[in-house]
Number of protein chains: 2
Amino acid sequence: MDISTILDNIYKLPEQSRLALQNNVTEIAFPKGHILLKANKVESNIYLIKKGLVRAFVDRDNEVTFWFGKEGETVLSMKSYVEEQPGYESIELLEDCELYELKTENLKKLFEQDVHIANWGRKFAEKELIKTEERLISKQFKNASERYLELMKDHPELLQRVQLGHIASYLGITQVSLSRIRAELK
Amino acid sequence: MDISTILDNIYKLPEQSRLALQNNVTEIAFPKGHILLKANKVESNIYLIKKGLVRAFVDRDNEVTFWFGKEGETVLSMKSYVEEQPGYESIELLEDCELYELKTENLKKLFEQDVHIANWGRKFAEKELIKTEERLISKQFKNASERYLELMKDHPELLQRVQLGHIASYLGITQVSLSRIRAELK
DNA sequence: TTCATTTTTTATCATTTGTTAAATTTTTTC
DNA sequence: GAAAAAATTTAACAAATGATAAAAAATGAA
């Protein structure tokens, strides 16, 4: 996926602003299994996914996956990005990935200088906010089985690309529960 | 709570930009029980809470409260604000409220014209996003009892101001479950 | 391919949360 | 302040999900 397509999908930018952003982007690739961002660390880059799949997870006694990112999506340590504080999540590559890397520091300078880029950043946060809020509501309304069916409907490709343990974690249930649910649906 | 304090708490604005925002704000009051924003409707205003308490809820077969807003917080129909589409939530006043009203249309013009205000809007969305993401993670890590204790710790005043049925809904459990949890904690 | 490792499923039992109904307490209204 | 209404708690049982262990299936390495 092309960098200009990714940027414009978030918010359509005037050519000049989009180029200003693109000029700060470098391409980089990592293999499956690589840890791109680490929890409890102030991260200084964000990434846009050109190709591949990643997951965000929090690791306390057990490990909880709470986000998947694929082509066109933005990978960042939310607390680092917003508050310049150590983040709660780690990002692991679930497939070999090609990424566009962008230094948070440079992005923040652009936010101050260019109203279009500031609005691009605003739209990015707003869209993520809606997605997160909808998931929170879905979690409160629906049982595990309904959430699984919803995920199958909205993101069927994830079922092909992600192992079920991570899917279960994302749905907020154990892998054993997910197996049971899948068996009941047959 | 003063409008300039509320605005600056989200993101410190230069005097001129802050005044541009303030000039678009009008004060308005509604009594407890009033429905400020309605689900399935494109809402054209957002509100900043000067005084009082509100809840956001989704109403399908049962009613789920997923957000409380108090002094200094921003009330909006997220889908209306971001996508100009009918929102999923209604907002009910849990106390008599004094509000600052701001037309979304005017705010969006300011976003295009003033880079500081655009960054104010960006920061607002980013901060809400972190709060929402932390709640989603909390819901996946913690059981009902732990979430109740967390709420008591982080927002003890809510327990005084909100009836337990709404708290239970916010925690994602039934009122009966919450009563049981409270009894066990004694 | 074959063996080892990892992932997924199945089974059993324990725990948590939901449902319904009734009792109790608190709040509101007259 | 008394009666009515609303909110909260308690109780008993049902349903959903978790925990643990073992079996089966899929994947990866030699």
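The sequence lines fix the lettering, A, B, ..., with proteins before strands; numbering per chain opens at 1.
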note: B/Leu178, atom CG; D/dA11, atom C1'; distance rounded to Å ~ 17 Å
Smallest heavy-atom separation, A/Glu73 atom then A/Phe68 atom, equals OE2-O, 3.8 Å
Shortest non-hydrogen pair, A/Ala118 vs B/Arg122, comes out as O-CD, 4.0 Å
Within residues 132-148 of chain B, those residues having any heavy atom closer than 4.0 Å to DNA chain C are B/Asn143, B/Ala144
Numerically ordered, the residues 159-176 of chain B set in heavy-atom contact under 4.0 Å with DNA chain D is B/Gln163, B/Leu164, B/Gly165, B/Gln175, B/Val176
Closest non-hydrogen contact found for B/Lys142 with B/Arg147 is O-NH1, 2.8 Å
Closest heavy-atom pair, B/Leu37 versus B/Asn45, reported as atoms and distance to 0.1 Å, is CD2-O, 4.2 Å
A/Arg180 CZ to D/dA19 P, in whole Å, measures 11 Å
The answer to which of B/Ser179 and A/Ile181 contacts DNA chain D further toward the 5' end, by nearest nucleotide, is B/Ser179
Query raised in the report: Is it true that atom CD of A/Gln16 has more than 12 heavy atoms of other residues, nucleotides or ligands lying nearer than 6.0 Å?
Result: no
In short, A/Thr65 meets B/Gln140 closest at the heavy-atom pair O-NE2, 4.2 Å
All heavy atoms of A/Ser145 vs all of A/Ile181, minimum pair found to be N-CD1, 3.8 Å
Does A/Lys108 NZ have over 12 foreign heavy atoms under 6.0 Å away? yes
When the rotation axes relating C1' atoms of four end pairs to the next four are compared across the helix from C/dT1-D/dA30 to C/dC30-D/dG1, five pairs an end, they differ to 10° by 60°
Let's go through A/Glu157 and A/Lys70 carefully: what are the C-alpha distance in whole Å and the side-chain angles of both, what is the deciding distance for salt bridge (charged side-chain N to carboxylate O under 4.0 Å, His left out) to 0.1 Å, and is it a yes or a no? CA-CA 10 Å; A/Glu157 80 288 357; A/Lys70 63 181 179 190; 2.4 Å; yes
(request) Decide side-chain contact (heavy atoms from CB on, under 4.5 Å) for A/Trp67 and A/Val75; before the verdict, give the C-alpha distance in whole Å, the side-chain angles of both, and the deciding distance to 0.1 Å. (result) CA-CA 10 Å; A/Trp67 182 76; A/Val75 182; 4.2 Å; yes
| said: So B/Arg182, base contact, sugar-phosphate only, or nothing? Heavy-atom distance under 4.0 Å. | reply: sugar-phosphate
